[in-house]
Visitor: 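Quick one: the structure is below, and I'll ask about it shortly.
To find a chain, count down the sequence lines: A is the first, B the second, and so on, and within it residues start at 1.
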Number of protein chains: 2
Amino acid sequence: MTADTFTAVLWPEDHGPRRGPKPALSKERIAAEAIALADNAGLEAVTMQRLADGLGCAKMALYRHVPGRGELIALMTDTALGTPPELDGDWRTGLRQWTEAAWRGFTPHPWLAYTAVGPRVFGPNELGWLEAALGALDGTGLGPDQRLDVVALLSGHVRALVLQAGGAYGTTEAEMIDANHGILAAHGDDFPLTVAAFGHTGTDNAFEFGLTCILEGVAARIADAG
Amino acid sequence: MTADTFTAVLWPEDHGPRRGPKPALSKERIAAEAIALADNAGLEAVTMQRLADGLGCAKMALYRHVPGRGELIALMTDTALGTPPELDGDWRTGLRQWTEAAWRGFTPHPWLAYTAVGPRVFGPNELGWLEAALGALDGTGLGPDQRLDVVALLSGHVRALVLQAGGAYGTTEAEMIDANHGILAAHGDDFPLTVAAFGHTGTDNAFEFGLTCILEGVAARIADAG
DNA sequence: CAGTACTGTGTCCATCGTACGCTAATTAAA
DNA sequence: TTTAATTAGCGTACGATGGACACAGTACTG
C-alpha cells in the first residue's frame, strides 16, 4: 500500500502525451535541489517549505510530483547513488573497485548512510550497484546467500566509515569530540584502554584497513567453497 | 554548547540533598518507558506527548529531567546498550563473544542501529563496551588506531544485520519485500544476477558469515603486525 | 516561621507534513 | 471552432510535533 507509492516514484512509467499545462517542475529538478539542500545543511534541513523556496514554487506544488517526504527521500537516495561503476579483473580487484567507488560516491552525500539502509524499496541505481557487485562475485564458489552477505558487508563498511568521518548535523563533530575528551578526562580511570587508544593521533586509513580485512576474510571463504 | 547537555544527561553528577518536592519522575523511569515505547512502536513513536501519557504526567514535566528529545534518545541508547559482557579466552574468542553479546543486545532494540551511530557523546555503558573490546585486543600487535578500526568493523556488522533483520517502522517489512519482488518481476531482465541471488531461499546465517569473515581478516592483520 | 529552591503543569508558539479545493493552462473531442 | 476533460501550481487549513515560559504547590534551610 504505502510501498506502491515508492515504486511509482522510483520506477516511473512512460505516460503518453499529457493534457494540462506544461510542468514547470519535474522529479529531476526536485531531487537535485533536495540533494543540494541535504549536502549543505543536512537531511533534516530538507523540508517541503525550504525545498519549495529553493525551487521558487509553492510548497504544495511539490506534491504533484512526489507523493510525500518519504518518497522524496527515496528518490534523492537513488539519484545520489548514481550509476554503478564498471568493474574489471578478478573478484577481489572488482570488489575493491566497487567499494572504493561507493566510498567516493557516498562522501559528498553523508546522509546516504542514513537513507540507503534498512528494508526499503530499491531504485534502479541501487539495483545496478547490487548487480555490479554480484557480477564481480560471479564464478566464485560462493552460494547466492553468501554473495549477498558479502555485498552487505562491504556496503555496511562504507556506511560506517561515512558516518564516522561525516558528522552529525545537529551539533558539530568538533563539539562531540571535545565533549568526549572531557568525559575521558573526568572518568578515564575506568576506561584505561580507551584513553590509550584515543591518545594516539589517528594516522591510519580506517577505510583501507577494514576493506582489506573483509576481502581477506571473503578470500578464505571462497577458498573453502572452491 | 549543545554537547554539554548530552554530557550532563549521560554522566549525572551526584548533587547533595535537594530542596523541592520529591520527584515523581526520574531519568530512569523516563528512559525505561521510552525504551519500551520504541521497542513496541518504533523510534518515531517516541514523542514527548506519548511518553508523558505512558508515565501519567504532563508533557512538560519531562523537560525537568531531560533537556530535549536528542538527549532523551542518547539516554535511551546508553541505557538500552546495558552493561558490557565479560570476555575470556584469546582475542578471537573474546571478540566473538563480544559481537554475539552485542547482537543479542541489539535484537530487542532495533532502533539502536539508528541511534548508536555517527559522531556522538559516549555514555558510560557505551564506553564500557568499547573498553571490553579493546581489552580483547590487548596484547595483539595491532596499533591503537587499528584496534579502534576493528571495533568499528564489528559493531558496524551488528548494526547492519539488525537493520537487515529488523524492519522499517513506517511500512511493514513484508510490504517492502513484496514491492521489491514486483520490481524484479517487471525489470528483472536488467538485473539477472540479482534475480538469481534473491531466487534462492536464504538459509544461511548472515551474522555468522560476516563475523567469521571479519575475524579471519583481522587474524591476517595481526599476523602481519606480530 | 520565613525564605528559597525545586517539581509538575497549563498555556502558547513556530514548524512540520499534508488534505482539499480552486484557478488557469493545455489538449482531445465535438 | 467550440467545448469538455485533464492536469499543474497555489492558498488555506488542520493536526501533531518540540519546546519556551510563567505559575503553582512542596519541601528543605536558615
Side-chain angles (χ1 to χ4, degrees), chain A residues 1-2 4-6 8-9 12-30 33-34 37-38 41-76 115 169-171, chain B residues 1-2 4-6 8-9 12-30 33-34 37-38 41-76 115 169-171:
Chain A
M1 169 136 161
T2 316
D4 296 356
T5 62
F6 285 82
V9 170
E13 296 177 21
D14 200 13
H15 289 63
R18 311 214 125 221
R19 204 174 280 202
K22 312 279 186 191
L25 289 146
S26 67
K27 280 209 288 269
E28 289 71 23
R29 276 192 62 206
I30 294 176
E33 180 72 22
L37 209 53
L43 191 62
E44 81 281 347
V46 178
T47 171
M48 293 311 213
Q49 186 62 65
R50 265 191 286 263
L51 190 50
D53 291 348
L55 288 164
C57 69
K59 182 174 59 161
M60 291 313 290
L62 302 173
Y63 286 88
R64 291 282 170 200
H65 303 263
V66 168
R69 185 166 193 268
E71 291 85 349
L72 168 69
I73 290 180
L75 179 65
M76 290 168 61
T115 63
Y169 289 108
T171 57
Chain B
M1 169 134 164
T2 316
D4 296 356
T5 62
F6 285 82
V9 170
E13 296 177 22
D14 201 13
H15 290 64
R18 313 214 125 222
R19 203 172 281 203
K22 313 279 186 191
L25 271 63
S26 66
K27 279 209 289 268
E28 289 71 24
R29 277 192 62 206
I30 294 176
E33 180 72 22
L37 210 52
L43 191 62
E44 82 281 347
V46 179
T47 171
M48 294 309 213
Q49 186 61 64
R50 264 191 286 264
L51 190 49
D53 291 348
L55 288 164
C57 69
K59 178 176 67 160
M60 292 313 292
L62 302 172
Y63 287 90
R64 290 283 170 203
H65 303 262
V66 167
R69 186 166 193 266
E71 291 85 349
L72 168 69
I73 290 181
L75 179 64
M76 291 169 60
T115 63
Y169 289 108
T171 57

Visitor: dG19(D) phosphate, OP1 or OP2: any side-chain N/O from R69(B) under 4.0 angstrom?
Guide: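 R69(B) to dG19(D) OP1/OP2: no side-chain N or O under 4.0 Å.
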Visitor: For R69(B) and M48(B), work out which heavy atoms get closest and say how close.
Guide: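 Taking every non-hydrogen atom into account, N-CE, 3.8 Å.
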Visitor: Let's test your reading of the model: under 3.5 Å, does the base of dG8(C) pair with the side chain of R64(B) as donor and acceptor?
Guide: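 Indeed there is one.
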Visitor: Would you indicate whether the side-chain heavy atoms of L72(B) and V9(B) approach each other to under 4.5 Å?
Guide: no
Visitor: Between dG17(C) atom P and E71(A) atom CD, what is the distance in whole Å?
Guide: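 It is 13 Å, rounded to the nearest whole Å.
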Visitor: Which whole-number value in Å describes the distance from L62(B) CG to dT17(D) C1'?
Guide: 14 Å
Visitor: Rounded to the nearest angstrom, tell me the gap between atom CZ in R19(B) and atom P in dG3(C).
Guide: 13 Å
Visitor: Taking OP1 and OP2 of dC16(C), is either one under 4.0 Å from a side-chain nitrogen or oxygen of R50(A)?
Guide: yes
Visitor: Rounding to a whole Å, what distance do you find between H15(A):NE2 and dT27(C):C1'?
Guide: 16 Å
Visitor: Mark yes or no for a side-chain to base donor-acceptor pair under 3.5 Å between K22(B) and dT26(D), with no hydrogen or angle criteria applied.
Guide: no
Visitor: When you get a sec, tell me which of dT17(D), dA8(D), dC10(D) is the closest nucleotide to the side chain of P23(A)?
Guide: dA8(D)
Visitor: Taking for each residue the nucleotide of DNA chain C with the nearest heavy atom, is it Q49(A) or M60(A) whose nucleotide lies nearer the 5' end?
Guide: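 Mapping each residue to its closest nucleotide by heavy atoms, the 5'-most match is Q49(A).
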Visitor: Could you tell me the separation between the CZ atom of R29(A) and the C1' atom of dA8(D), rounded to a whole number of Å?
Guide: 13 Å
Visitor: Could you tell me the separation between the CZ atom of R64(B) and the CG atom of L25(B), rounded to the nearest 0.5 Å?
Guide: 12.0 Å
Visitor: Nearest of dA8(D), dT9(C), dC6(C) to any side-chain atom of H65(A)?
Guide: dA8(D)
Visitor: Do L43(A) and M76(A) touch side chain to side chain, with heavy atoms closer than 4.5 Å?
Guide: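 Contact flag for L43(A)/M76(A) side chains = yes.
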Visitor: Round to a whole Å and report the spacing from CE of M48(B) to P of dT9(C).
Guide: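 That distance rounds to 15 Å.
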Visitor: Within less than 4.0 Å of OP1 or OP2 of dA16(D), is there a side-chain N or O belonging to T47(B)?
Guide: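 No, because none of the side-chain N or O atoms of T47(B) sits under 4.0 Å from OP1 or OP2 of dA16(D).
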Visitor: In whole angstrom, give the distance that lies between atom NZ of K59(B) and atom P of dG8(C).
Guide: 17 Å
Visitor: Expressed as a whole number of angstroms, how long is the span from L51(A):CG to dG17(C):P?
Guide: 10 Å
Visitor: With rounding to the nearest 0.5 Å, note down the distance linking CG in L62(B) to CZ in R29(B).
Guide: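 Separation between the atoms: 10.0 Å.
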Visitor: Checking all strands, does A61(B) fall into the base, sugar-phosphate, or nothing category for heavy-atom contacts under 4.0 angstrom?
Guide: base
Visitor: L25(A) has a side chain; which of dG9(D), dT7(D), dC6(C) sits nearest to it?
Guide: dG9(D)
Visitor: Could you check P67(B) against G20(B) and say which one's nearest nucleotide on DNA chain D is further toward the 5' end?
Guide: P67(B)
